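Quick caveat, the model's predicted, so the values are computed rather than measured. Chain identifiers are assigned alphabetically (A, B, ...) following the order of the sequence lines, protein sequences preceding nucleic acid strands; residue numbering begins at 1 within each chain.
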Protein chains: 2
Amino acid sequence: MAKPGKAICLCPLEGVIDIISKKWALLIVNEIGNHGRIRYNDLMKEIQGISPKTLADTLKELAKYNLITREAFNEIPPRVDYLLTKDGEELRQAIIPILQWALTKKGTVVAHCSCSMIPKGKRIGKEDLSL
Amino acid sequence: MAKPGKAICLCPLEGVIDIISKKWALLIVNEIGNHGRIRYNDLMKEIQGISPKTLADTLKELAKYNLITREAFNEIPPRVDYLLTKDGEELRQAIIPILQWALTKKGTVVAHCSCSMIPKGKRIGKEDLSL
DNA sequence: CGGTATCCTGGCTGATACTG
DNA sequence: CAGTATCAGCCAGGATACCG
């Protein structure tokens, strides 16, 4: 092998792999993180293409894993905010190296996601990922 | 929002998300990395539970994305080695933060994966991930 | 040995309509 | 507004058999 004693074990990923390999999970975690706090229908608008069912299902999953918090208010009309837990924010930070890696392969990338926090057409480079 | 100007854009993940969200892709990349160079059937043994079809499909995908290299020898019996490219090795490094994050949620984890490079029952902690 | 070929299944996902 | 209910489709992935 290349580097004796440097074998990496992916066992820790167990249980977590179900999250990070879910199509929408990372997007949602990141979007909530970008906003700090956001409501259900605003998420629907930000994450273009997701269906209400899928969004609801994924939110429940994320809450089950303690990555997000659901905060409901007894108002009319109803209001529910979603926030990242500490774990969720840490996960959000943990994917940044993968983002950086993706960028090294492409140089820069033109933002075209639906997130209102990112100016459309902005060129994303490594400098945008150094928090 | 929490930190103005610190919004994260996941656009760079496009094209890459198909890889990292594949159930077996990360496992395979990591396993090849652990061995430095490994043959098809040895991968089958190491990655317990994967079917030949899925393994073959995923290997092709990974090769297409230039994450691994296929090296075939004209011998009888045939022999094919798989290795990580530079990109592949970088990806392997990039997922370590996620591993570390997973560990912070669990403390330590007992290795039970089929990888022959990791002693069964070894307790994995953060110290095993500082390369 | 290193794969294909073939068939099949179940869970994820989407669309749409509806409700408290 | 914030979801649920319902139905339907796709396709990653599994089992098995076979091939060069």
Side-chain angles (χ1 to χ4, degrees), chain A residues 10 13-29 31-32 35 37-65 67-83 114 116, chain B residues 10 13-32 35 37-65 67-83 113-114 116:
Chain A
L10 294 189
L13 278 188
E14 220 162 81
V16 177
I17 194 133
D18 292 335
I19 302 168
I20 66 173
S21 72
K22 263 201 163 177
K23 185 176 175 186
W24 299 104
L26 287 184
L27 276 323
I28 293 172
V29 165
E31 204 59 43
I32 297 177
H35 288 259
R37 158 187 299 264
I38 189 173
R39 308 170 70 167
Y40 181 89
N41 272 341
D42 291 332
L43 267 177
M44 281 292 292
K45 285 168 206 152
E46 292 281 22
I47 301 176
Q48 122 210 97
I50 196 170
S51 71
K53 177 187 186 307
T54 303
L55 178 55
D57 289 351
T58 310
L59 286 172
K60 273 177 202 157
E61 275 278 307
L62 293 174
K64 197 181 74 185
Y65 283 102
L67 297 174
I68 64 175
T69 306
R70 199 189 110 111
E71 214 170 83
F73 304 85
N74 270 339
E75 303 174 354
I76 308 258
R79 177 177 160 207
V80 178
D81 281 354
Y82 291 94
L83 311 91
S114 54
S116 64
Chain B
L10 294 190
L13 279 188
E14 219 161 82
V16 177
I17 194 134
D18 292 335
I19 302 168
I20 67 172
S21 71
K22 263 201 161 180
K23 184 177 175 186
W24 299 104
L26 289 183
L27 277 323
I28 293 172
V29 165
N30 182 58
E31 204 60 44
I32 297 177
H35 287 260
R37 158 188 299 265
I38 188 172
R39 306 170 70 170
Y40 181 88
N41 273 338
D42 291 333
L43 268 177
M44 281 293 290
K45 285 168 207 154
E46 293 281 22
I47 302 175
Q48 126 211 95
I50 196 171
S51 72
K53 176 188 185 306
T54 302
L55 178 55
D57 290 351
T58 310
L59 286 172
K60 273 179 203 154
E61 276 275 308
L62 293 174
K64 197 181 76 185
Y65 283 102
L67 298 174
I68 65 174
T69 307
R70 197 189 112 114
E71 214 170 82
F73 303 87
N74 271 338
E75 302 174 358
I76 310 260
R79 180 182 158 201
V80 178
D81 280 354
Y82 291 94
L83 311 89
C113 54
S114 54
S116 64

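- In the set C/dG2, C/dT13, D/dG13, the nucleotide with an atom closest to the side chain of B/P78 is C/dG2.
- Rounded to an integer number of Å, the gap from CZ of A/F73 to P of C/dG20 is 24 Å.
- With rounding to whole Å, A/I68 atom CD1 is found 14 Å from D/dA2 atom P.
- Looking at heavy atoms from C-beta onward, A/K64 lies out of side-chain contact with A/K60 at the 4.5 angstrom threshold.
- Annotation: side chain of A/I50 is not in contact with side chain of A/L27 (no heavy-atom distance under 4.5 Å).
- The phosphate of D/dG14 (OP1 or OP2) has a side-chain N or O of B/K23 nearer than 4.0 angstrom.
- Between the CG atom of B/L59 and the P atom of C/dC1 there is a distance of 17 Å, given to the nearest Å.
- Atoms CE (A/M44) and C1' (D/dT4) sit 13 Å apart, rounded to a whole Å.
- Side-chain N/O atoms of B/S51 include none lying less than 4.0 angstrom from OP1 or OP2 on D/dA15.
- OP1 and OP2 of D/dC1 both lie 4.0 Å or more from every side-chain N or O belonging to A/Y82.
- For A/P52, taking side-chain heavy atoms from C-beta onward, the closest of the listed nucleotides C/dT4, C/dA17, C/dC7 is C/dA17.
- Rounded to an integer number of Å, the gap from B/L55 CG to C/dG2 C1' is 10 Å.
- The CD1-C1' distance, from B/I50 to C/dG2, rounds to 14 Å in whole Å.
- One can place CD1 of B/I76 at 14 Å from P of C/dG3, the figure rounded to the nearest angstrom.
- The shortest distance between the side-chain N/O atoms of B/R39 and the OP1/OP2 oxygens of C/dG2 is below 4.0 Å.
- The listed nucleotides are D/dG3, C/dC1, C/dT13; the one nearest the side chain of A/W24 is C/dT13.
- Atom NZ in B/K22 sits about 20 Å away from atom P in C/dG11, given to the nearest Å.
- In this structure, A/Q48 places its CD atom where only 12 or fewer heavy-atom neighbours from other residues, nucleotides or ligands lie under 6.0 Å away.
- Contact annotation: B/R70 does not reach the phosphate of C/dG2 (side-chain N/O to OP1 or OP2, under 4.0 Å).
- A heavy-atom distance below 4.5 Å is not found between the side chains of A/R70 and A/L59.
- Regarding contacts with the backbone of C/dT4, a side-chain N or O of B/K60 is found under 4.0 angstrom from either OP1 or OP2.
- Side-chain contact between B/Y65 and B/V16 is absent, with no heavy-atom pair separated by less than 4.5 Å.
- Distances from the side chain of A/V80 to the nucleotides C/dT4, D/dG13, D/dA2 place D/dA2 closest.
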